[in-house]
S.K.: 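Quick one: the structure is below, and I'll ask about it shortly.
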Amino acid sequence: MVWNTTNLDELPVYGKLMKLARNPFDLTASGAISPERIKAYKASAAGFDLLFATQRLDGAGLNGLQQLADQSGALDQFHGMKSGAVMNRIDGHESEERQVLHTACRDIFNETPCHVEAAGQAKEQLEKLKAFLAELDKGELVNEQGESYTDYVNIGIGGSDLGPRAVYHALSAYLLKSRRVHFISNVDPDDAAAVLKKLDLSRTLVGVVSKSGSTLETLTNEEIVRGAYVEAGLNPKKFFVAITGQSSPMDNPEKYLRSFYMYDYIGGRYSATSMVGAVMLGFGLGYDALIEILRGANDMDKAAEEKDIKKNPALLLALLGIWNHNFLGHGTVAVLPYSQALLRFPAHLQQCDMESNGKSVTRNGEKVSGVTGPIIWGEPGTNGQHAFYQLLHQGTTVVPAEFIGFRQSQYGEDLLLKGTTSQEKLVANLLAQSLALATGRKDDNPNRFFSGNRPSSVLLSDKLTPYTMGGLLALYEAKIVFQGFIWNINSFDQEGVQLGKVLANRFLEHFNILRQAGEKDREQHPESWLMLEAAGFFQED
Ligand code: G6Q
């Protein structure tokens, strides 16, 4: 496939957008946020509405963003990605050289999927999982006492933890009766200890998730948990499930009750809808709910191919992000879900976005000329309002915000108090924040003055369900890759995490030498030895 490797500042529309950015739409002007604007500045698809009247652009800016989408070939590249183009690469340099096919995990509902082989593999794994879950449901797979499994521990880190964990928390209202999932990710021994403490291991399955099958944290935690089973007189093989890349060091069915596979064309941080998330979610929520997640994600993937940005919230969100970052100069984005269940979603996006787009070279291996991925952070509202919103409203740094909300609560249990329900209170706060950031407020007291013109978007759906969660996940995945395409960077590798790993191994070697009371060769790596000494781990005698 021919992709567009033109840099953002070389696209014809770049100059026009730069010019518009010198005088962006003034949200504080009287009547600026008019009824017409509120109605018109809305993009909808797959159960989501993106309201963006509170962004600093008008019709000309919006046209410019549509042109930016068109000129960058973002949609062709997205389609190329879904169809199996080798997009994880840097031209002319050694790189991962992989296809990027996470969308195939949910491209299972169409007779003619974009990539037949990958969709076939996804279906094959799903069938295997369906059979496994049915055995659990029917009581065919039980422990030696004939009892059903109630708990599941997910051991994994990074992409093998964050996305799946965020989705699990988001949907815990839909948990099957007597099923719970726990997570161990950190190599901090307290992480495993705290989880193990509360479990009846004889009724607990363990999913070890590692695409590479070689991640230090995950393998270490697997050993800790295996040890706990042995100590409890249980055979780990009867309880441990592997989720890994085919032919990885963990692909050893002898050691596991079952093995499920993901493939090298699925990046870790994009893997929540592959077996990486599916086995755990299937255990907790059941197979049907899992399929609903995939259906929602697939519908959003399809919407992400829509050319008109008003019908493509993922593409529009990506373009608004570029407008705020590259043209208006705002370097961070706050993701603010007004849903307690989305507690871990900002953490997932921190990884998915910053690991994907925190890059400084183009796909041609040249230094990028402008800024790429912004800093992503966030917390659920309204809690955030009582914490860091002061800075959002009056700080010297303008932080564009992405609010996420739902019209209905998940449990439907609510209280009418002082004329409103809690859900209404929640949504009222969300909309109020967006408006307050945009319009600001004049006040003679400088300390009570709100400058306004702080851009935000509001992403709304009816209810956080398996279907909409799938859609939300896919929306942000698509947003991230669209931005990467437009910045002409590779959003699918993560070379930046390597150096720290290498140096951590050097420190581990030092610890080993200290433990053996071996000869310290401080000539070779004086700085790491000195740091270890300064950190108080030994004293030179
Ligand atoms: C994600 C990254 C990274 C990865 C973890 C876990 O895109 O590649 O976060 O998911 O390092 O890797 P394994 O699944 O191989 O253990």
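By convention here, the first residue in the shown sequence is residue 1. Just so you know, these numbers use all the heavy atoms, side chains as well, and skip hydrogens, waters and symmetry mates. When a ligand or atom number is given, it counts from 1 through the structure's own listing order.
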S.K.: Taking the six-membered ring for Trp, are the ring centroids of Phe78 and Phe485 within less than 6.0 Å of each other?
M.R.: no
S.K.: Any idea which protein heavy atom is nearest atom 5 (C) of ligand 1, and the distance to it?
M.R.: Ile157 O, 3.5 Å
S.K.: Considering heavy atoms of the protein only, find what lies nearest to atom 4 (C) of ligand 1 and give residue, atom and distance to 0.1 Å.
M.R.: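 Among all protein heavy atoms, the one nearest atom 4 (C) of ligand 1 is Gly159 N, 3.8 Å.
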S.K.: Measure from atom 3 (C) of ligand 1 to every heavy atom in Arg269, Met250, Gln351 and give the option owning the shortest one.
M.R.: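 Answer by nearest heavy atom: Gln351.
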S.K.: Nearest protein heavy atom to atom 16 (O) of ligand 1: under 4.0 Å?
M.R.: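 Given the 4.0 Å cut-off, atom 16 (O) of ligand 1 counts as touching protein heavy atoms.
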S.K.: List the closest protein heavy-atom neighbour of atom 2 (C) of ligand 1: residue, atom name, distance to the nearest 0.1 Å.
M.R.: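 In this structure, atom 2 (C) of ligand 1 has Glu355 OE1, 3.3 Å as its nearest protein heavy atom.
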S.K.: Are any of the N/O atoms in Thr218 less than 3.5 Å from those in ligand 1?
M.R.: no
S.K.: Out of curiosity, Asn298 CG to Thr273 OG1, how far, rounded to the nearest 0.5 Å?
M.R.: 10.0 Å
S.K.: Which atoms of ligand 1 are found less than 4.0 Å from any heavy atom of Thr215?
M.R.: 12 (O), 13 (P), 15 (O), 16 (O)
S.K.: Determine, for Phe109 and Arg295, whether the Lys NZ or Arg CZ falls below 6.0 Å from the six-membered ring centre while staying within 45 degrees of the axis.
M.R.: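 Yes, Arg295 sits over the ring of Phe109.
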S.K.: Taking the side chain as C-beta and beyond, is there a heavy-atom pair between Glu96 and Gln494 under 4.5 Å?
M.R.: yes
S.K.: For the rings on Tyr338 and Phe406, is their centre-to-centre separation under 6.0 Å?
M.R.: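 Judged by ring-centre distance (under 6.0 Å), Tyr338 and Phe406 do not meet the cut-off.
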S.K.: Within 45° of the six-membered ring axis of Phe283 and under 6.0 Å from that ring's centre, is NZ or CZ of Arg179 located there?
M.R.: yes
